[in-house]
Protein chains: 2
Amino acid sequence: MGHAVAEALGDLLKRTLRANLYQALTENIGEGVDEVTYPVLSGLARTGPCSAAELAGEVGLDRSGVSRRASRLEAAGLVRRAPDPDDRRAVLLALTEQGTETVALMRERLAARIEESLRSWPEGEARSFARNLRRFLDEGPFKEV
Amino acid sequence: MGHAVAEALGDLLKRTLRANLYQALTENIGEGVDEVTYPVLSGLARTGPCSAAELAGEVGLDRSGVSRRASRLEAAGLVRRAPDPDDRRAVLLALTEQGTETVALMRERLAARIEESLRSWPEGEARSFARNLRRFLDEGPFKEV
DNA sequence: CGGTGTTGCGTGCGTTGCGCACGCATAAGG
DNA sequence: CCTTATGCGTGCGCAACGCACGCAACACCG
């Protein structure tokens, strides 16, 4: 049982990484966002405005890497650097309106692909799969790893 | 529905990548295998003895990269380079006995972690989750991407 | 109010892995 | 036999990463 899930997860990772899922999703979406910068963009959408250091923890990257990626996104007009009013050292990264739209669009794309492939599933199974996947994430072996 | 799955998948990828799952699994396992070389080792276990070029397609890497990684694994005694008896240009990569044991051990580790976290699930749900995950992979949007 | 340690940020530097392309050895075909 | 194609390893340039430095701004304290 564990083996079956492990095998499937391995395949999932392999395929997503190999195929550069991000690359497919970021195709024709604009100049600044690519498979490299996307995680920062997406992470920023999850966290809301925050510092590069916090975002680094979120996306599992060094602070400097986040900063550099953010610079690219900033140049593309998707991310804005704003001085923290409470601390003049700090810089808050935030999505611009265009950035928000972009990440929404990409999520829409991904969701559409998934929805499409779930369409042929019995309603109940699709629902239980979604629920179980979420549960596996929340309680499973990757909870805190 | 698609959104829920998309969200969960995003989290899954994020966590596995961030946490360097490979790193956790390859801990204390020997000298030559690390999170970089593991995919080659694992891919070789799937394909059986084959050329670096084939393996490259399997793991989604350039042939040269596979060759270099294989060299490391070879130095560690986990992979063996053998001349192809039918074609003296060709080189077949194959797992040594130690390599086979290593990949088996790592899979065991991963499966154990998953098994552990599935233990608290109702038997039927765990089974259906495993089945649906596999099905999602085989029929889903990552089928050929 | 000056001084000292701390925190947050950007960036230079060395390291690492990648893909591309070259050269060499062998196979295949006329 | 000579030409073309195939398979392999490796040098090279590029990109991204983490580390560590320097600078600016806070915080605490005598």
Side-chain angles (χ1 to χ4, degrees), chain A residues 13-14 16-23 26 31-44 47 49-76 79-94, chain B residues 13-14 16-23 26 31-44 47 49-76 79-94:
Chain A
L13 293 175
K14 183 185 71 176
T16 49
L17 292 178
R18 153 161 53 163
N20 273 347
L21 175 60
Y22 290 148
Q23 191 171 346
T26 53
E31 277 306 314
V33 56
D34 56 9
E35 67 276 13
V36 176
T37 51
Y38 174 70
V40 170
L41 199 68
S42 171
L44 204 49
T47 62
C50 70
S51 74
E54 298 175 61
L55 200 51
E58 176 69 19
V59 301
L61 218 60
D62 189 77
R63 180 181 59 81
S64 65
V66 173
S67 180
R68 279 187 264 252
R69 294 185 184 197
S71 296
R72 279 201 244 169
L73 292 168
E74 188 184 20
V79 162
R80 180 181 49 233
R81 273 187 166 98
D84 186 336
D86 298 340
D87 185 341
R88 291 195 307 176
R89 294 172 297 182
V91 172
L92 292 181
L93 281 70
Chain B
L13 293 176
K14 182 186 71 174
T16 49
L17 292 179
R18 150 161 58 159
N20 272 348
L21 175 61
Y22 290 149
Q23 193 171 345
T26 53
E31 277 306 312
V33 57
D34 56 10
E35 67 275 14
V36 176
T37 50
Y38 173 71
V40 169
L41 199 68
S42 170
L44 204 47
T47 62
C50 70
S51 74
E54 296 174 63
L55 200 52
E58 176 68 18
V59 301
L61 217 60
D62 189 78
R63 180 181 60 82
S64 66
V66 172
S67 180
R68 279 187 267 253
R69 295 186 182 195
S71 295
R72 280 202 245 169
L73 291 168
E74 188 183 19
V79 160
R80 179 181 49 233
R81 275 189 165 97
D84 186 336
D86 299 339
D87 185 341
R88 292 194 309 175
R89 296 170 297 181
V91 173
L92 290 181
L93 280 72

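A, B, ... follow the sequence lines: proteins, then strands. Residue 1 opens every chain. Values reported hereafter were calculated over all heavy atoms of this structure, with side chains retained and with hydrogens, waters and symmetry mates removed.
- Taking atom CG on A:L93 and atom C1' on C:dC9, their separation rounds to 11 Å, with Å as the unit.
- The shortest distance between side-chain heavy atoms of A:V66 and A:R63 does not fall below 4.5 Å.
- Rounded to a whole Å, the CZ atom of A:R88 is 7 Å from the C1' atom of D:dA25.
- Interatomic distance, CG of B:L92 versus CZ of B:R81, reported as 11.5 Å (0.5 Å rounding).
- Close to D:dA16, at under 4.0 Å from its OP1 or OP2, lies a side-chain N or O of A:R72.
- For the pair B:L73 CG and C:dG17 P, the interatomic distance rounds to 12 Å; values are reported in whole Å.
- Partners of A:S64 under the side chain to side chain contact (heavy atoms under 4.5 Å, CB included) rule, at least two apart in sequence or in another chain, are A:D62, A:R68.
- Separating the CG atom of B:L61 from the P atom of C:dG17 is a distance of 12 Å, rounded to the nearest angstrom.
- Spacing between atom CD of B:E35 and atom P of C:dT16 amounts to 13 Å, rounded to whole angstrom units.
- Here the side chain of A:S67 is nearest to one of D:dC26, C:dG19, C:dT11, namely C:dT11.
- Counting only distance, with no hydrogens or angles, the side chain of B:T37 and the backbone of B:D34 share a donor-acceptor pair below 3.5 Å.
- Atom CG of B:D62 and atom P of D:dG9 are 12 Å apart (whole Å).
- Checked by atom type and distance alone, the side chain of A:T47 pairs as donor or acceptor with a backbone atom of A:G43 at under 3.5 Å.
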Mind listing the N/O atom pairs, protein and nucleotides 2-7 of chain D, below 3.5 Å?
{"from": "D:dT6", "atom 1": "O2", "to": "B:R89", "atom 2": "NH1", "distance (Å)": "2.3"}

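- Legend: residues meeting salt bridge (Lys or Arg N to Asp or Glu O under 4.0 Å) with B:R88, ordered by chain and number and at least two apart, are absent.
- With sequence neighbours left out, the side chain to side chain donor-acceptor pair (under 3.5 Å) criterion links A:D84 to no other residue.
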N/O contacts under 3.5 Å, protein versus nucleotides 12-15 of chain C?
{"from": "C:dG12", "atom 1": "O6", "to": "A:R68", "atom 2": "NH1", "distance (Å)": "3.4"}
{"from": "C:dG12", "atom 1": "O6", "to": "A:R68", "atom 2": "NH2", "distance (Å)": "3.3"}

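- Nearest to the side chain of B:R81, among D:dA25, C:dC20, D:dG9, sits D:dG9.
- Between A:E74 atom CD and C:dT11 atom P the separation is 10 Å, expressed in whole Å.
- Under the rule for a salt bridge (Lys or Arg N to Asp or Glu O under 4.0 Å), B:R80 has no partner lying at least two apart in sequence or in another chain.
- Checked by atom type, the side-chain pair B:S51/B:R89 shows no donor-acceptor distance below 3.5 Å.
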